[in-house]
Trainee: 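One structure, as structure tokens, below. Some questions next.
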Amino acid sequence: MLNKLFRKLNKDNIRPSEEFEMVLSDNLNETVEMLLKIIGDSNDIVQRDFKIASSESAALFYIEGMSDIDSIEEDVLKPLQELKPEGMNEPKDETLKKAIQDSISLSEIDIFETFDDAILPFLSGKSLLVVDGLAKIIILGTIAYENRGIEEPQSEVVIRGPRDGFVENIQTNIVLIRRRIRDPNLTIQLGKLGRRSKNDFAIIYIKGITDESLVEEVRYRISCIDRATIEESGTIEQLIEDNVLSPFPQILQTERPDKVAAFLNNGQVIILVDGTPFSLVAPITFEQLFKSPEDYYDRWQIGSLIRMLRYSAAFIALFLPSLYIAMISYHQGMIPTTLALSIAGAREGVPFPAFVEALLMELTLELLREAGVRLPRAVGQTIGIVGGLVIGDAAVRAGIVNPIMVIVVALTAIASFAIPAYNVSITLRMLRFFLMFLAASFGLFGIIIGYIAINIHLVGLKSFGRYYTSPFAPYRFIDLLDTVIRLPLTINKKRNDSEHTADAVKQK
């Protein structure tokens with residue numbers, strides 16, 4: 001019964017967030033009363049009562065910390081208070097409007113006739129002005145809150161390339177993209193997401209290059225989102241991806257404006273969300289997750305070599321522990337005799353089978369990695385290095401694992417860090433345990449079964465209607481030229497065929 005009562009009280013106290021059906025009044029006191037009823041009695045909302053031209057009562061509302069106080073004082077309050085009372089004759093409504101617009105030296109002044117239109121800009125940090133005798137709400141562009149400076153993204157460091165990265169402000173991020181693409185066809189469509197949070201988001205594409213059906217699909221999927229709050233772009237990613245059960249990322253996330261510009265030129269769609277530096281790129285193929293912007297900044301031989309190293313690293317990160325388990329447990333005859341004797345000598349005295357050894361070391365490594373990420377940067381690096389060395393050495397001395405297993409696990413960890421996309425690295429880490437279990441159960445046959453199962457899943461996977469494994473399956477020879485091997489720029493002149501771009505030629 002008490003729960004029912006509390007639910008009723010809470011329901012009664014919840015202010016409407018979508019529509020404010022109250023009608024505006026030209027009486028200042030009534031308007032202020034209605035406003036306070038809508039925005040509540042939060043302590044960070046400041047109300048300044050004053051008189052315009054020493055005669056007309058007015059009230060200015062702003063949110064402390066989100067509005068520029070100096071601008072409010074100098075550009076709004078001071079000019080309005082110093083207005084001459086002459087000329088304030090009938091019709092009062094139009095005279096006041098014109099006088100306010102002429103005296104305030106702000107570039108952004110909007111006048112609304114409903115609370116529903118005015119409240120959202122106000123909650124975004126703009127100031128709200130109501131005047132006695134004026135049945136309108138004036139919104140003033142006085143937004144000013146602290147932003148993080150533009151820095152190099154920590155999650156996508158490059159040796160050669162620009163050092164700027166996205167920040168949490170969507171307008172700054174749009175400017176960073178516009179600086180790189182000064183094409184009038186660059187289209188930026190803004191909107192709001194979240195029934196209560198009202199997050200700003202932007203869909204960005206280049207008209208004439210991007211397939212219009214793709215833009216419509218992205219727009220449709222986002223419009224279907226009906227969620228109270230959007231915490232981060234990752235929330236949108238999970239709500240609009242094709243297959244929520246797949247461990248593979250179907251949308252790429254990046255903090256780099258140069259990478260986003262390259263994807264836009266390739267005919268893909270970008271989604272930006274206010275409050276996060278991570279942008280979303282759709283659609284995406286599996287091979288694009290292994291590319292880095294600096295592949296195209298260095299000579300093609302260097303880019304090709306690094307790409308081959310990344311594919312090799314992905315293979316090691318996924319298969320090496322399971323191959324070791326299978327060889328040690330079932331297929332000792334496939335190991336050269338000298339190496340087999342060396343492994344047998346190293347494993348002497350170890351009480352666990354190879355699978356348990358690998359599982360213990362992999363779990364320890366995952367714990368060290370997670371602890372290193374969560375701790376402060378300086379401490380985290382120390383914990384990672386010292387923890388890895390001390391625990392590895394102690395485990396070998398205690399006879400829990402053999403030294404070769406430590407080498408296998410360390411090599412696997414280093415290989416997983418060589419993959420540019422962090423979310424793919426995590427996916428391979430998860431699948432590694434799956435393959436280790438199959439290797440311990442069925443040996444090499446288990447690994448082959450796992451490999452086939454992963455490929456069957458990947459071939460059927462799509463990203464916004466595009467095949468995830470393109471250009472390998474379906475096979476597209478032209479697109480294959482820019483996958484493992486990076487061709488010279490003078491030869492690679494066309495955009496990927498799999499993107500169905502309206503303009504296939506990117507270089508003449």
Trainee: Judged by modelled atom types alone, do N266 and Q268 share a side-chain donor-acceptor pair under 3.5 Å?
Mentor: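 The criterion, which ignores hydrogens and geometry beyond distance, is satisfied for Q268 and N266.
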Trainee: Return yes if some donor-acceptor pair links the side-chain N/O of S67 with the main-chain N/O of I69 below 3.5 Å, else return no.
Mentor: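 Not at all, since once roles are kept as given, no pair shorter than 3.5 Å links the two residues.
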Trainee: Quick check with a 6.0 Å cut-off and a 45 degree axis cone: is K462 positioned over the face of Y467's six-membered ring?
Mentor: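 That pair qualifies as a cation-pi contact.
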Trainee: For a quick check under 3.5 Å, do D258 and Y297 share a side-chain donor-acceptor pair by atom type?
Mentor: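 Yes, side-chain donor-acceptor contact under 3.5 Å.
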Trainee: Go through the side-chain N and O atoms of S155 and E255 and say whether any donor and acceptor fall under 3.5 Å apart.
Mentor: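 Per modelled atom types, S155 and E255 side chains form a pair under 3.5 Å.
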Trainee: Take Y311 and F290, measure what ring pair (Phe, Tyr, Trp, His ring centres under 6.0 Å) needs, and give me the verdict at the end.
Mentor: CA-CA 8 Å; Y311 280 102; F290 289 86; 5.0 Å; yes
Trainee: Are T235 and E237 close enough that a side-chain donor and a side-chain acceptor fall under 3.5 Å?
Mentor: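 Absent: no donor and acceptor within the cut-off.
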Trainee: If we ignore angles and hydrogens, is there a donor and acceptor under 3.5 Å between the side chains of S292 and D295?
Mentor: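 Note: S292 and D295 side chains miss the donor-acceptor criterion.
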Trainee: Any donor-acceptor pair under 3.5 Å linking the side-chain atoms of S213 with those of D211?
Mentor: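 Checked: D211/S213 side chains pair up, N/O donor to acceptor below 3.5 Å.
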Trainee: Checking side chain to side chain contact (heavy atoms under 4.5 Å, CB included) for the pair E168/R148: CA distance, chi angles, key distance, verdict?
Mentor: CA-CA 7 Å; E168 285 73 14; R148 182 169 61 91; 3.1 Å; yes
Trainee: Once you round to the nearest 0.5 Å, how far does CG of L80 lie from CD1 of I52?
Mentor: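 L80 CG to I52 CD1: 5.0 Å, rounded to 0.5 Å.
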Trainee: Which of parallel (below 30°), tilted (30 to 60°) and perpendicular (above 60°) describes F248 and F286?
Mentor: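 Aromatic pair F248/F286 classed perpendicular.
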Trainee: Does any non-hydrogen side-chain atom of F263 lie less than 4.5 Å from one of Q288?
Mentor: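 With C-beta onward as the side chain, the pair touches.
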Trainee: Taking E362 first and then R429, would you say they form a salt bridge - that is, a charged N and a carboxylate O separated by under 4.0 Å?
Mentor: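 Judged by the 4.0 Å cut-off on N to carboxylate O distance, E362 and R429 do not form a salt bridge.
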Trainee: With no hydrogens and no angle check, just 3.5 Å: does a side-chain donor-acceptor pair link Q171 and N173?
Mentor: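 Their side chains do not contain a donor-acceptor pair, so the 3.5 Å distance test is not met.
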Trainee: Would you say E287 and T483 are linked by a side-chain donor-acceptor pair, where the criterion is simply a distance under 3.5 Å?
Mentor: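 No, no side-chain donor-acceptor pair sits under 3.5 Å.
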Trainee: Can you give me the closest heavy-atom contact between T142 and S71, atom names plus distance?
Mentor: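 Residues T142 and S71, closest heavy atoms: CG2-OG, 4.1 Å.
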